[in-house]
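Reviewing the structure listed below.
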Amino acid sequence: MIADALFYLFSVAAVVSGLFVVTRKNPVSSVLFLVVTFFSLSGLFVLLDAHFIAAVQVIVYAGAIMVLFLFVVMLLNLGHFEGEQTDFRGALGRFAAATVSVTLLALVARAVLGLEELGGQGVVAESLAGAPDPVGAALEARGPVGAVAGPLFDEYLIPFELTSLLLLVAIVGAIVLARRREP
Amino acid sequence: MEMIPALGSALAGLLQEAAHGAAGAAGQGAAHGAGQAAGDHGGSFTPILPGLILLIPLIGAAVNGLGAFLWRDRRLVPSWVGPLAVGGAFAVVLANFLRMLETGAAGPAVVTLWSWLSVGGLEVGVDLLFDRLSMVMMLVVTGVSTVIHVYSAGYMRDDPGISRFFAYLNLFVFFMLVLVMGGNFPVTFVGWEGVGLCSYLLIGFWYENAEYSSAGKKAFIVNRIGDFGFLVAMFLLFAMFGTLDYVPIIESAADELAYGGITVTAVTLLLLLACTGKSAQIPLYTWLPDAMAGPTPVSALIHAATMVTAGVYLVARSGVLFAMAPMSQAAVATVGAGTALFAATIALKQYDIKKVLAYSTISQLGYMFLAVGVGAYTAGIFHLTTHAFFKALLFLGAGAVIHSVEHAFHEQGHHGDPNDMRSHGGLMSVMPVTGTTMWAATLAIAGVFPFAGFFSKDEIIWYAGSYGYPILWGVSLVAAVLTAAYMARLMFMTFHGENRTDEAAGQGASSALHEAPAVMTVPLVILAVLSVVGGWIQIPEALPLPHVSWLHDWLHPAVEPALAVAEEHGVEAAHAAPLGGGEAVWAGVSLVLAVGGIVAGAAWVRSKEILVPERAADDRGLARVLNRKWYVDELYERVFVGPLLALSRACWRVVDDRIIDGAVNGLGYAGRALGWVGSRLQSGRIGTYVLVFTLGVLAVLGGLVL
Amino acid sequence: MSVPPEYLPLSLVVSATLFTIGVGGVLLRRNAIIIFLCIELMLNAVNLTFVAFARQLGVDGQVFVFFVMAVAAAEAAVGLAIIISVFRHYEMVDVERFDLLKW
Amino acid sequence: MESFYSSHWILSVLLALPLLGAVACQMAPERKAGQVALWVTVLEFALSVPLFFTFETGTAAFQSFGAVPWIEAWGIQYAVGVDGISLLLVLLTTLTMPLAVASSFRYVDRHQKAYYTLLLLLQTGMLGVFTALDLFLFYVFWEVMLIPMYFLIGIWGGERRIYSAIKFFLFTAVGSLLMLVAIAGLVYLYYQQTGAVSFAYRDLVQLQIARGTQFWLFGAFALAFAIKVPLFPLHTWLPDAHVEAPTAGSVILAGVLLKTGIYGFLRFGLPFFSHAATHPAVVGTFLTLGLVGILYAAWVAAVQPDVKSLIAYTSIAHLGFVVLGIFALNPQGMEGGILQMVNHGLSTGALFLLVGMIYERRHTRLIEEFGGLARVMPFFAFSFVVVALSSIGLPATNGFVGEFLILLGTFRSHPVVATLAATGVIFAAYYMLPMVQRVVLNPLEKEENEELEDLDARERAIIVPLLALILLIGVYPNPFLDRTSASAGDLIRRVEERSQAAPLGAATGRAELAFDGVAVLPDDGDGGEGPGMTGPVSVETGE
């Protein structure tokens, strides 16, 4: 019962802070609101039996990436030029963005809501017919971390190694690009 | 003179063989002529050296033509070769005429020089036709030409282009002979357009003057409108008869065609269109007055005596066809009478002496068309012959006047128009020979008793009346009076009264006036004699004079088929003029009218004082309309030439540039436009790319979900 | 402490909303940083969907979240490096003003 | 010597010689290239003249015929031959070339070698088009003819040469691509009916094509040839091409290239698709387009400021007459049309040469720049007037003979069209005489024209033969007409026969219509003769 309430709370928080991320004039407040979104998301992960993911979310995302963003925003003092012209695109741009977003939302909703009300033709409906609660079983067997770590290191070993390579490339790239060139 | 025929006969012999060789396959050749004894009486006629008649003028033209390039302006050769070439031709024609006279042969003798076109069913040879009609025409053409060539030697003496002039004149005589001697329609057509070409070259002889060149151009184009009619008539004839030769057509016309049928009427109307073009009748006469821009001998030869009579000859030649189409005959007669009256009215108020004579020619040609229109072919040819004499004389006389007035103006350095009669006056004392000879011609053209005009014009008026055309008969009488009037006006303005040359060009000018040299006056005298004697070859028996109908009997065989058709279909002379009275009575009436006309004309001229062009007040009212030629030129300009030019420009600018090229270039621009649209997408702004990217996603998602 | 499987559609709706907000942000904003944030937001929405489905379809979903996070991290690093170098050169990061890519 | 002219070797030599000449030009030094080209073209003309005299006028069969297999797999052979229709055109080409080359000596001052090589290539292309009796070979020469002319206009042309060259190229290329498709269609039909693949003319001409497909195939061929003629709506490339082309280019373009369109109709259009070609609607359309072409071009020509574009429009009018003659489908119209093609080549070629000569002196083509040239250039004035008059069909010149026959022929089948076309004679005077007056007559006001010197020996040597031919054909055209009569008559007879016989249904299957079973052509009896072929019919045994 308490879980349902928490779920709704986190969901609303995530959506509202998401909106504020986009609408805030000052980039710093946008970053902070994004952090709030990440926290509410990790809450949702917990409710969805993804405890390790929730933890990693908080540590990696909120902790590392958002700090990096904040660091960059603060360092380059990007917020001050708001006065020049509105950050939002022209009327045509806004209109286009709005229609696109609404259509996207409608399509996804159509797919998702296809579950019950419309007789379940939705994409999601069939997949539900699968195993009752695979995550629950894995949790008992290996605990929150083990449940995820297991498949990570046997089925997904190659992608795992590739990801590490990706990270290496990103680091080298970031250094090369951001290096201050002597004039 | 002898040297040329000897040389000629050798060449002719050669030509004969060439003709045989070339036409061997077709089996034509002189034999064709011999076998063809169509005429009812008199045996077949074997022409003497037929090719030579054409060859000599052609050689003359070639020699003079070369002269124009080689010895350019020296006068000796052209002034001898020119007249001699035509004289030679006249000699050969005379020889043939004498042979035809003594053998009494009448039958059309066709000589084929070589096969011109033989394609499928069409067989057209270069045929020369010798019969009574073409003989008369040849005599008139070569005779008058010889006289005029001699005159031109004097007239063009100090003109640098004399070689070129005689080249064109000889070429003209060549083409006129081709026209007259042609044995089938295409060969006649070659002559027809050939004379058109020479008239174009000769009108625009002094090409340095823009108006003269334009006058030449106008003559050629208007003639071409007539030639269009001739062409289509030929196609119709070929469609009807399967051949274009005169002899078979004339023979089979009566039975093969329906009397008054559509096709024969169409052919004859088209031929009429051709004749109005060439003989300057309404509506295609506007080129003749402008053609006065050419040297005066040209006006005399081409625009008075020979070329303009081609139309009358063609109608006479295809008389059978016209006889089969009464509607067309009526049209010819009406056009003739109408033109006679219309042109006479304009001539009354013209100040340029040559313009008066030009309109007089148009008027007299109207008479000839009236004659052949009513079916009196012999009368038409008779008037044609006499008219050739006195009109040529009038033009040559006018030329002499202009020559001396120009000389006077030149002395004073005055740049007035020597043709303008208002600066002439009292020239009889200075130029007696020219004066008297022109008086002879004036009396002849007016139709005063002993002179040629009296007989020929009177006969036309009589036939018009007796063949049942009362209105045209009346019109011709009125026109006769007007003719006498304007001719008298011309004579009294030019030769009588006090001289105005000093007034026009300054003191001492009149002293420079002089009588024309012998080489010009001799031809005048010859023509004057002919103007008097010419009429006596055809004296109606109604008159209290010895009855002579030589020309009528001479032409009868050639005209007989047409008359036969006319009789067959109930057309006969009523032997009484519309208002009653015999031929003699009306001859008297027309004589009185002629003399009255002259007196009236003289009185009219003397009545008011004639002012020199510079001070002359502008005419008003009817006089102005007549002087401006009833504004017909302006009408044609606004109705035909203007719109045609506008249409041409529209076709070029709009249809070609805008529509067709527009479409073609449009394709090119369409390609570029598509390219531009594509480039708008590559705007370089990330926002656009993301937007398009998202649209792509939506499309895929939509495809999946919907 | 977990939610019954019936909540799957709700979590999917939430994730869709977040994703749409992300897309809207990318299209609307001119500031490169904000665009980056929105991209991060979109990635997280996807993570949420993975996790939500992992409940029925197996833990693999959650494994994928890791990969997504790795990619997000790498992308953030390189992106920010680009933004810094761009900022240093143009003194501004307004996406609209860069059109060197124009054909 | 006799056998040389009756075998296909004469034609092969005529085709090969210009190519050798082109090579020789490349090797010769820049200044001498012109001389080499002149000698080659004069030799070519000398070689071709006996062809005229050894030609048997009686038969419509292809003479100097020869077929050598070229690409066995597709039944393509090097087949060349000449008959009444193409003989005069071949001679016109070999006559025009030396004159064109000679007229460019003073005109072309840069890249002479390339210029003369292109001219010689062009000659091979043109001769090939007129003599090829294999559709593939015909198409190859058709394209070979196009490229040199494109470069001639593009490089040595006037100010807007690039635009005109491209326009010329695109117009013709579009047409010929369609034609290629049609040729492929034909060969496929042939394969469908007989099982064998062959591009040979004598095989494809006997092909039985269903009426429906005939219209499509004829349409494709007709478009390609109509553009070349040029027929009324597709003509706008001609004035631009002429105005911008160098003198030699214009002479050849007007003299010969335009005739390839008409030749195409005669050789391929009418015999292959007789039913479609004689269908009243099709004949009506072509006659109307021809008639409109005559009147429209005459009107537009009258207001052209540029002499060359005026003459270009007159060519459209002349060829409008030829189209009328061709589609009248009777001996007068056909022979008149073929002769008029030669006449147009001579008259308009001479006009362009003369205009080229005054262009070399005054470097302008605007009519009002001239005036009163008769005083300073009498010989030029004389020849200009004679040629201009022959162009508007003055009797006793060649123009009249052609026009008279065409109009007579057209009158027999379509009187109204012929009468309207006859008014073209009036409009001819309407556009030509004012131009002649403004160029040659009228007072000489401009002082630049004062010291123009008359035509020199070379220029007179170019013009005098053309003047002679103009007058000769005008006065004694029989030798030329006799040579075309047999082939023209045969073409008309065959077209009439086949237009009734064309099968109604779709392209009939291969089974019942075996190749030798086609008994439609009466003279096909002995199997060996073929439609007027002398040489062996079977494909394998070449010469």
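Letters A, B, ... mirror the listed sequences (proteins, then strands); counts begin at 1.
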Checking A:Ser30 against chain C: side chain, backbone, both or neither under 4.5 Å from a heavy atom? both
Find out whether A:Leu152 and C:Phe67 are in side-chain contact, i.e. whether some heavy atom of one side chain is under 4.5 Å from a heavy atom of the other. yes
Can you say whether A:Val12 sits under 4.5 Å from chain C via the side chain, the backbone, both, or neither, judging by heavy atoms? neither
Considering all heavy atoms, the nearest A:Leu177-C:Ser85 contact: O-CB, 3.7 Å
Tell me whether A:Ile158 at atom CD1 has more than 12 heavy atoms from other residues, nucleotides or ligands lying less than 6.0 Å away. no
Heavy-atom pairs under 4.5 Å with chain C, option from A:Ile175, A:Leu162, A:Leu105 with the top count: A:Leu105
Could you please spell out the steps behind the side chain to side chain contact (heavy atoms under 4.5 Å, CB included) verdict for A:Val100 and C:Val23? CA-CA 8 Å; A:Val100 164; C:Val23 165; 4.3 Å; yes
Specify which of A:Val15, A:Val46, A:Leu47 makes the most heavy-atom pairs with chain C at under 4.5 Å. A:Leu47
Please flag which part of A:Gln57 lies under 4.5 Å from any non-hydrogen atom of chain C: side chain, backbone, both or neither. both
How close do A:Ala97 and C:Leu27 get, counting heavy atoms only, and between which atoms? CB-CB, 3.6 Å
So how far is it from A:Ile59 CD1 to C:Met69 CE, rounded to the nearest 0.5 Å? 9.5 Å
Less than 4.5 Å to any heavy atom of chain C: does that hold for the side chain of A:Ile65, its backbone, both, or neither? side chain
So, taking the atom named CG in C:Leu41 and the one named OG in A:Ser17, what distance separates them when rounded to the nearest 0.5 Å? 8.0 Å
If you take all heavy atoms of A:Val22 and C:Gly25, which pair is closest and at what distance? CG1-CA, 3.7 Å
Quick check on the interface: out of A:Val176, A:Val172, A:Val60, A:Val56, who has the most heavy-atom pairs with chain C under 4.5 Å? A:Val56
With chain C, the option among A:Ile2, A:Ile53, A:Leu44 that has the most non-hydrogen atom pairs under 4.5 Å is A:Ile53
Structural part of C:Ser11 lying under 4.5 Å from a heavy atom of chain A: both
Given the options C:Val86, C:Val78, C:Val51, which has more heavy-atom pairs under 4.5 Å with chain A than any of the others? C:Val51
Quick one, C:Phe66 and A:Tyr156 - any side-chain contact, counting heavy atoms below 4.5 Å? no
I'd like to know which of C:Asn44, C:Val65, C:Val63 tops the heavy-atom pair count under 4.5 Å against chain A. C:Asn44
Counting only heavy atoms closer than 4.5 Å, note whether C:Leu18 contacts chain A via side chain, backbone, both or neither. side chain
Leading residue by heavy atom contact count with chain A [cutoff under 4.5 Å; candidates C:Ile84, C:Leu80, C:Ile82]: C:Leu80
Looking at every heavy atom in both A:Pro27 and C:Ile34, which two are closest together, and how far apart are they? CA-CD1, 3.7 Å
Locate the shortest heavy-atom distance separating A:Asp49 from C:Gln62; write the atom from each residue and the value. O-NE2, 3.4 Å
Under 4.5 Å from any heavy atom of chain C, what part of A:Leu6 do you find: side chain, backbone, both or neither? side chain
Output the option from A:Phe10, A:Phe45, A:Tyr61, A:Tyr8 having the highest count of non-hydrogen pairs under 4.5 Å with chain C. A:Tyr61
Any chance CZ of C:Phe64 has more than 12 other-residue heavy atoms, nucleotides or ligands included, within less than 6.0 Å? no
About how many Å separate CG of C:Leu10 and CG of A:Asp4, when rounded to the nearest 0.5 Å? 10.0 Å
In terms of ring plane angle, is the pair A:Phe69 and C:Phe36 parallel, tilted or perpendicular, where the classes change at 30° and 60°? tilted
What are the two closest non-hydrogen atoms of A:Leu68 and C:Ala77, and how far apart are they? CD2-CA, 4.3 Å
Turns out that what part of A:Leu41 lies under 4.5 Å from chain C's heavy atoms comes down to side chain
Let me confirm one number: the CG-CD1 distance from A:Leu70 to C:Ile33, rounded to the nearest 0.5 Å. 10.5 Å
Is a side-chain N or O of C:Arg88 found less than 3.5 angstrom from the main chain of A:Ala178, in a donor-acceptor match? yes
Counting heavy-atom pairs under 4.5 Å to chain A, which of C:Asp60, C:Val14, C:Val71 comes out on top? C:Asp60
